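Counting starts at 1 for both ligands and their atoms, following the listed order. Just so it is clear, the model here is predicted, and its values are computed rather than measured.
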Amino acid sequence: MAAYRKAIVRAPAENFSQGLTSAHLGVPEYSRVLEQHESYCIALERCGLELIRLEADKRYPDSTFVEDTAVVTEKGAIITRPGAPSRLGEVDIIRKTLAQSYSQVNTIVQPATLDGGDVCQADDHFFIGLSHRTNEAGAEQLAQLLSSFAYTSSLIEIRDYSGLLHLKSGLAYLGQNRLIIDERLAVKKEFKDYDLVVVDEGEDHGANCLLVNGHLLLADGFPKLERRLKQCDFHVTTLYTSEFQKMDGGLSCLSLRF
Ligand code: CIR
């Protein structure tokens with residue numbers, strides 16, 4: 001996997017707790033949200049990334065989850081069209097920001113909807129989740145744009161899987177043909193040629209981990225998974241994500257890496 005050099009992050013707004021959630025884990029405490037976000041930013045910097053830090057925007061309480069607003073690859077960037085109407089406007093500043101790094105920025109257009117959290121890159125292949133946020137048109141538009149960059153893709157149906165807001169809520173690529181994966185996804189034919197680390201029951205949220213330049217960032221609180229990943233020789237950094245989990249978010253959603 002190519003090295004990442006930069007990441008876009010966006011500070012959580014004061015009204016972060018007014019974002020969308022289905023988690024029933026309580027109301028996030030803003031001071032802890034800020035602390036956990038800052039620890040995440042520091043962890044990315046320790047992985048060698050230069051951060052592009054965007055200011056908080058109260059118009060969009062979910063806007064700290066920047067991953068959903070774009071798909072960024074080595075060959076080009078694509079602005080998404082988020083599936084939640086309250087999040088549509090989040091893309092404007094991301095488009096301007098990515099235009100400073102990419103000569104061409106493509107866009108997903110109506111009637112498509114697509115959230116970046118539904119897009120998992122595994123080398124030159126992309127898995128695209130069909131979720132309650134990403135519709136067929138969104139997945140197909142993305143697949144076409146990716147194919148113009150010479151990437152392949154496959155569509156993964158997740159609409160019937162409770163607890164999986166996005167494909168990447170249950171899937172992460174760890175390089176060298178290895179995926180960390182939710183038990184329910186593991187049986188799908190699209191993943192049969194990969195080495196699968198299937199997440200144990202009760203540790204589902206751990207699947208949303210993040211490999212950055214050889215460092216594996218993992219949410220705290222999943223000891224079995226942490227042990228297994230260390231056995232696979234990963235250098236694992238655990239991070240507190242309780243306040244993001246309360247809003248259905250995880251580690252990958254908090255940045256756009258390229
Ligand atoms: C939402 O429901 O859109 C946010 N509260 C959480 C988005 C999490 N994003 C992600 O997993 N990629």
Original post:
Looking at Glu67, which atoms of ligand 1 are within less than 4.0 Å of one of its heavy atoms?
Top reply: 12 (N)

Subject >> Close aromatic pair by centroid cut-off 6.0 Å: Phe16 and Tyr60 >> reply: no

Original post:
Does the ring center of Phe127 lie less than 6.0 Å from the ring center of Tyr194?
Top reply: yes

Subject >> Proximal ligand 1 atoms for His166, defined as those under 4.0 Å from one of its heavy atoms >> reply: 9 (N), 10 (C), 11 (O), 12 (N)

Subject >> Sidechain N-carboxylate O distance under 4.0 Å for Glu67, Lys168 >> reply: yes

Original post:
Under 3.5 Å, N or O to N or O, is Ser169 touching ligand 1 that way?
Top reply: no

Original post:
So, is Leu20 polar-close to ligand 1, with some N/O to N/O distance under 3.5 Å?
Top reply: yes

Subject >> Minimum-distance protein heavy atom relative to atom 2 (O) of ligand 1 >> reply: Arg133 NH2, 2.9 Å

Subject >> Ion pair Arg81/Asp115, N-O distance below 4.0 Å >> reply: no

**OP:** Indicate whether any N or O donor in one side chain lies under 3.5 Å from an N or O acceptor in the other, for Arg257 and Ser255.
**Re:** yes

Original post:
Got the closest protein heavy atom to atom 12 (N) of ligand 1, with its distance?
Top reply: Asp68 OD1, 2.8 Å

Original post:
Is there a heavy atom in Met247 that sits closer than 4.0 Å to ligand 1?
Top reply: yes

Original post:
Can a non-hydrogen atom of Asp248 be found less than 4.0 Å from any atom of ligand 1?
Top reply: yes

Original post:
Mind checking whether Ser252 has an N or O less than 3.5 Å away from an N or O of ligand 1?
Top reply: no

Subject >> Nearest non-hydrogen protein atom, atom 4 (C) of ligand 1 >> reply: Asp62 OD1, 3.3 Å

Subject >> Tyr102/Phe258 aromatic ring centres below 6.0 Å >> reply: yes

Original post:
Would you call Asp68 and Arg133 a salt bridge, taking side-chain N to carboxylate O under 4.0 Å as the test?
Top reply: no

